[in-house]
Amino acid sequence: MVADPRLAHHFESLRKQAHANRLGMWLFLANEMLLFGALFVGYAVYRHLFFDGFSTASHLLSKTLGTVDTFILITSSFTMAMSLHLAHHNKRQAATALLVVTILFGLGFLCVHSYEYWHDVHEGALPGRFFHVEGVHVPGASMFYTLYFIMTGLHSLHVLAGVAVLAWLAVKTWRGAYDDKYYAPLEMGGLYWHLVDLIWIFLYPLLYLIE
Amino acid sequence: MEPSDADYEREEHVPAWRHVVCWLALCVLTVATYSLSGVNLGAWSLFVAMCIAVAKSTIVVLFFMHLWEHRGANRLVFVAAVFFIALLIGGIMGDVMTRFPPTLPPR
C-alpha cells in the first residue's frame, strides 16, 4: 500500500494527525485569548475608574455600524462552518464558493471599520493627547479611544490575517486538496476565523453599547 | 484512552441544520443586546450585556468550533485559557474596586 502523501511519517493515520493539529491549534487560540484577555483587563480597570468618560466617549461611536459589523462577522462565521461542512462531504465547488463569501464578509467588515476610523479621525476622537472632540472634556474619554484603537486595531489585523489564510484555503479547496478523509488545514483556518468572531462578540457591547 | 471509530464518527457527522440554528440564535441574541442597550437597566446593563455575550460565545465555541463533539484535551486548553483570564480580571478588579477614594484618579 502506498502511503497517503498528506500523512506525515510520524503519524499512524490521518485521523490521529488531525487530532494533533487540532490540539496545537487550540493551544495557539488559547494564547490569542490571553493576549486579548490582557487588553480586556485594561479596559475593565479604566472603565471602572472613568465610567462617565467611557460612557460619553462610547456615545460618539455609531451603534448602527457596530451592529452591522457584528452581523457581518457572525454571518461569516456561519458561512465558514458551512464551508467546512461541505468540504467534508466532498462538495468542493460549494465549499469554495462559501469560502469566497466568507472572505467577502471579512473584507466588508474591514471596509465598514475603515469608514468608522475615518469618521473618528474626522471628529477628533483619537487616543490620548490627540483627543479633541468639541464639547467633550470628561476625564477618561481619551483613554477610551486609546483602548478602542488598540483593541479594534489588533482585532482588524486578525481579520486581515484571517482573510489571507482563507484566500489560500479557497485556492487549495478549489484545486481539490480537501475531502472527507483530509480537511485539517480548512478546519484550522476555520477555528482561527471563529476566534476572531468570538473576540468581536465581546468588543461589540463593551465599546459600542455603554449606556 | 484510545478513541474508538464510533468516537470519530460522532465527531465527523454533524448535520448542517445545526449550523443554521446556531446562526439564527446568534442573530437573535445580537438584536437582543442592541435593543437592551436602549433600555435603562442601570448597574445591571453591563451584567446583562456580558451574559448575552457569554451565551453567544458559548454557541460559537461549542458548535462552530466543535468543542461539543471533541474530546478531552482541546476542551481543557480552552477552559484553562478562560480560567486564567478570569483570574487576571478577578485579581486586578478586586484590587481596583476596593481602593479608597484618595488613591483614585480624579473623575
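Quick note: numbers below take in every heavy atom, side chains included, and nothing from hydrogens, waters or symmetry partners. Below, chains carry the letters A, B, ... as their sequence lines are ordered, and counting in each starts from 1.
- Between A/M80 and A/L186, the closest side-chain pair of non-hydrogen atoms falls below 4.5 Å.
- In this structure, chain B has a heavy atom under 4.5 Å from the side chain of A/Y204, while its backbone stays farther away.
- The backbone N or O of A/Q17 lies less than 3.5 Å from no partner atom in the side chain of A/E12, so there is not a single donor-acceptor pair.
- Interface residue B/V96: backbone and side-chain heavy atoms are both found under 4.5 Å from chain A.
- Distance alone, capped at 3.5 Å, places no donor-acceptor pair between the A/S58 side chain and the A/S55 backbone.
- The residue among A/N31, A/V45, A/D52 with the most heavy atom pairs within less than 4.5 Å of chain B is A/V45.
- Proximity to chain A is absent for every atom of B/L36, based on heavy atoms less than 4.5 angstrom apart.
- A/F11 CZ: more than 12 foreign heavy atoms inside a 6.0 Å radius.
- The part of B/I92 that comes within reach of chain A is its side chain, from C-beta onward, which places non-hydrogen atoms under 4.5 angstrom from that chain.
- Taking the six-membered ring for Trp, A/F130 and A/Y145 have ring centres at least 6.0 Å apart.
- At a 4.5 Å heavy-atom cutoff, the contact between A/L29 and chain B is made by side-chain atoms alone.
- Comparing A/E187, A/M25, A/M82 by heavy-atom pairs within less than 4.5 Å of chain B, the highest count is held by A/M82.
- Interface remark: B/V82 contributes backbone and side-chain atoms alike to the contact with chain A (heavy atom separation under 4.5 Å).
- Here the side chain of A/T146 pairs a donor or acceptor atom with the backbone of A/G128 at under 3.5 angstrom.
- For the set B/L67, B/I52, B/L41, the count of heavy-atom pairs under 4.5 angstrom toward chain A peaks at B/L67.
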Step-by-step side chain to side chain contact (heavy atoms under 4.5 Å, CB included) determination, A/F51 to A/I210:
CA-CA 9 Å; A/F51 182 76; A/I210 308 179; 3.9 Å; yes

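- Only the side chain of A/T70 comes within contact range of chain B, with heavy atoms under 4.5 Å apart.
- Between the side chains of A/D120 and A/Y148, at least one donor N or O lies within less than 3.5 Å of an accepting N or O.
- Residue contact with chain B, scored on non-hydrogen atoms closer than 4.5 Å, involves the side chain of A/H85 exclusively.
- Between the side chains of A/E116 and A/H119, not a single donor N or O lies within less than 3.5 Å of an accepting N or O.
- Per-residue counts of heavy-atom pairs under 4.5 Å with chain A were compared for B/A80, B/P105, B/A49; the largest is that of B/P105.
- Between the side chains of A/T102 and A/W193, no donor-acceptor pair of N or O atoms lies under 3.5 Å.
- Of all residues in residues 150-170 of chain A, none places a non-hydrogen atom less than 4.5 angstrom from a non-hydrogen atom of chain B.
- Interface remark: B/M65 contributes backbone and side-chain atoms alike to the contact with chain A (heavy atom separation under 4.5 Å).
- In terms of non-hydrogen atom pairs under 4.5 Å with chain B, the most contact-rich of A/G140, A/A38, A/S77, A/G37 is A/S77.
- Ranked by heavy-atom pairs under 4.5 Å with chain B, the list A/D197, A/T75, A/L27 is led by A/T75.
- Relative orientation of the B/F64 and B/H19 rings is tilted, given thresholds of 30° and 60° on the angle between their planes.
- The backbone N or O of A/W174 sits less than 3.5 Å from a side-chain atom of A/R92, completing a donor-acceptor pair.
- Each side chain to side chain donor-acceptor pair (under 3.5 Å) pair with one or both residues in residues 26-48 of chain B, not counting sequence neighbours, appears once here: A/K63-B/S37, A/E211-B/S45, B/T30-B/K56.
- Looking at B/L104, the atoms closer than 4.5 Å to chain A (heavy atoms on both sides) all sit in the side chain, from C-beta outward.
- Note: A/F50 leads A/F36, A/F40, A/F50 in heavy-atom pairs under 4.5 Å with chain B.
- By the 4.5 Å heavy-atom criterion applied to side chains, A/L73 and A/S76 are counted as neighbours.
- Counting heavy-atom pairs closer than 4.5 Å to chain A, the top-ranked of the candidates B/V39, B/L76, B/V60 is B/V60.
- Both the backbone and the side chain of B/C27 come within contact range of chain A, with heavy atoms under 4.5 Å apart.
- The closest donor-acceptor contact from the side chain of B/R75 to the backbone of B/W68 lies under 3.5 Å.
- Checked by atom type and distance alone, the side chain of A/N21 never pairs as donor or acceptor with a backbone atom of A/P185 at under 3.5 Å.
- Put simply, of B/D95, B/I85, B/I89, the one with the most heavy-atom pairs under 4.5 Å next to chain A is B/I85.
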